[in-house]
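The structure under discussion appears below in the form of structure tokens.
Residue numbers start at 1 and run along the sequence shown. Not measured: the values here are computed from a predicted model. We count ligands from 1, going down the list as the structure has it; atoms in each ligand are counted the same way.
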Amino acid sequence: MSHQQIPRKRTFLMCSPEHFEVTYAINPWMDPAVSVDRTSAVHQWGRLRETLVGLGHTVHLLTPEAGLPDMVYAANGAFVVDGTVYGARFKHEQRTAEAQAHQAFYETHGWRYVAAAETNEGEGDFAYLPEAHGGLILAGYGFRTEPVAHAEAQEVLGRPVVSLRLVDPRFYHLDTALTVLDDRTISYFPGAFSHAAQRVLVQLFPDAVIADEVDAFAFGLNLVSDGRNVVLNSAATGLAAKLEAAGYTPVPVELTELRKGGGSVKCCVAELRH
Ligand code: ARG
């Protein structure tokens, strides 16, 4: 018998895909030859936002900028823990300018913003579990974020950072292969990680929900959970069933257009943690 999980109200940051397009390819999902239906992208993104608001969460908006088509993936702009913002420094020059837009948002809203010296893509490669081991940061490297940024994040945020090596280019950000379900529980696809990283995850999270390759390929792990309600890509039906069996409530959303950029639910949502 599974028990019912307890939700917690969240504050999120999102950015409308008004300027979304796929004109370059910086991950294996992107193909500039495939056409994007931007009207549909905006509509699907709007449904995601309404879903989060409908669950009682606060969603702040970042103003989208022309020429920054990946800005919709707001998770990559920073990583916020205990009211401190560790800013992003993007790997690819096509996205570099996004970091300033996030910085301006945080500074105008009174957050303590710390600019990064090292390459890192914010919540794309960093995750936080407030109640695991007293407050633990998980961090991915191998494709975007540099391992030295993990050490920098630990210095800035004062929480232990566990480095995990990603090995499959389809899962180029941590948030494509691992997700936080509640304050102490994760779900992940082991095949995206090095053997050593898999051992570390088993040691730290023996009760994790293990996702399979089909779940991960459907972008199922790229989800947003409030501790009970799990907003995830509607294509990830297998993972939804597993989560339901574990006591969570899956809330499927359709995000087919944004998948063309190599992202889904979590990529579109940054969490602001006081
Ligand atoms: N096209 C974007 C990139 O390759 C997608 C980012 C997805 N975001 C994420 N948090 N995984 O950078």
Side-chain angles (χ1 to χ4, degrees), residues 12-34 36 38 41 44-45 48 52 62 64-65 67-80 86-99 101-102 119-128 137-146 149 153 164 166 168-180 187-189 192-193 211 215-225 231-233 236 253 255-272:
F12 297 124
L13 178 63
M14 295 179 69
C15 180
S16 163
E18 269 161 58
H19 301 290
F20 176 62
E21 55 187 356
V22 179
T23 50
Y24 52 81
I26 54 173
N27 70 56
W29 304 89
M30 299 174 85
D31 180 357
V34 171
V36 165
R38 194 183 289 152
Q44 293 179 337
W45 175 91
L48 170 60
L52 293 169
L62 199 59
E65 293 176 25
L68 295 176
D70 274 338
M71 224 179 140
V72 59
Y73 304 111
N76 299 125
F79 177 52
V80 189
Y86 175 57
R89 186 181 265 272
F90 286 86
K91 170 163 182 160
H92 298 286
E93 56 96 10
Q94 291 98 328
R95 299 197 65 187
T96 314
E98 294 179 40
H102 283 263
T119 301
N120 84 87
E121 298 198 348
E123 280 204 324
D125 276 321
F126 287 104
Y128 183 59
I137 294 171
L138 300 180
Y141 71 99
F143 297 101
R144 299 289 181 89
T145 297
E146 290 294 334
L164 303 164
L166 295 161
D168 182 332
R170 293 172 305 167
F171 307 114
Y172 58 94
H173 273 145
L174 182 70
D175 72 1
T176 62
L178 182 150
T179 188
V180 175
S187 178
Y188 66 101
F189 166 52
F193 296 91
D215 298 326
F217 201 71
F219 267 96
L221 288 162
N222 195 250
L223 60 76
V224 171
S225 174
V231 182
L232 85 172
N233 195 300
V253 291
L255 278 181
T256 48
E257 288 311 305
L258 293 173
R259 193 191 147 131
K260 295 174 182 170
S264 188
V265 176
K266 173 60 212 167
C267 299
C268 296
V269 180
E271 185 172 346
L272 313 189

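Short contacts between ligand 1 and Arg95, defined as distances under 4.0 Å to a heavy atom of the residue, involve ligand atoms 2 (C), 3 (C), 6 (C), 12 (O). Counting atoms of ligand 1 from 1 in the listed order, those under 4.0 Å from a heavy atom of Asn76 are 6 (C), 7 (C), 8 (N), 9 (C), 10 (N). Listed by number with element, the atoms of ligand 1 under 4.0 angstrom from any heavy atom of Gly261 are 1 (N), 2 (C), 5 (C). Listed by number with element, the atoms of ligand 1 under 4.0 Å from a non-hydrogen atom of Asp70 are 1 (N), 2 (C), 3 (C). Taking a cut-off of under 4.0 Å to the non-hydrogen atoms of Arg144, the atoms of ligand 1 that pass are 3 (C), 4 (O), 12 (O). When each atom of ligand 1 is checked for a heavy atom of Gly124 under 4.0 Å away, the hits are 10 (N). Interface of Asp175 with ligand 1, defined as ligand atoms under 4.0 Å from a residue heavy atom, comprises 9 (C), 10 (N), 11 (N).
For Asn120 (side chain) and Ala149 (main-chain N/O), no donor-acceptor pair under 3.5 Å exists by modelled atom type. A distance-only check finds no donor-acceptor pair linking the side chain of Asp125 to the backbone of His173 [under 3.5 Å]. In this structure a side-chain-to-backbone donor-acceptor pair under 3.5 Å is missing from Asn27 to Pro169. Using modelled atom types, no side-chain atom of Thr96 and backbone atom of Phe90 make a donor-acceptor pair closer than 3.5 Å. Remark: side-chain polar atoms of Glu98 are not paired, donor with acceptor, to backbone N or O of Leu68 under 3.5 angstrom. For Tyr172 (side chain) and Leu166 (main-chain N/O), no donor-acceptor pair under 3.5 Å exists by modelled atom type.
Closest heavy-atom approach to atom 7 (C) of ligand 1 within the set Pro28, Cys267, Gly140: this belongs to Cys267.
Every N/O-N/O distance between Thr176 and ligand 1 stays at or above 3.5 Å. Residue contacts with ligand 1: Glu121 is placed with no nitrogen or oxygen under 3.5 Å of a nitrogen or oxygen of the ligand (distance criterion only).
Contact check for His92 versus Asp70: no side-chain heavy atoms found under the 4.5 Å cut-off.
Neither the backbone nor the side chain of His92 comes within 4.0 Å of ligand 1, counting heavy atoms alone.
The side-chain tip of Arg144 does not point at the ring of Phe126 from less than 6.0 angstrom away and within 45° of straight on.
Using a 4.0 Å heavy-atom cutoff, Glu123 is absent from the residues neighbouring ligand 1. For Trp29, the heavy-atom gap to ligand 1 stays at 4.0 angstrom or more.
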**OP:** Apply the test ring pair (Phe, Tyr, Trp, His ring centres under 6.0 Å) to residues Trp45 and Phe20: give CA-CA distance (whole Å), side-chain angles for both, the deciding distance (0.1 Å), then the verdict.
**Re:** CA-CA 11 Å; Trp45 175 91; Phe20 176 62; over 10 Å; no

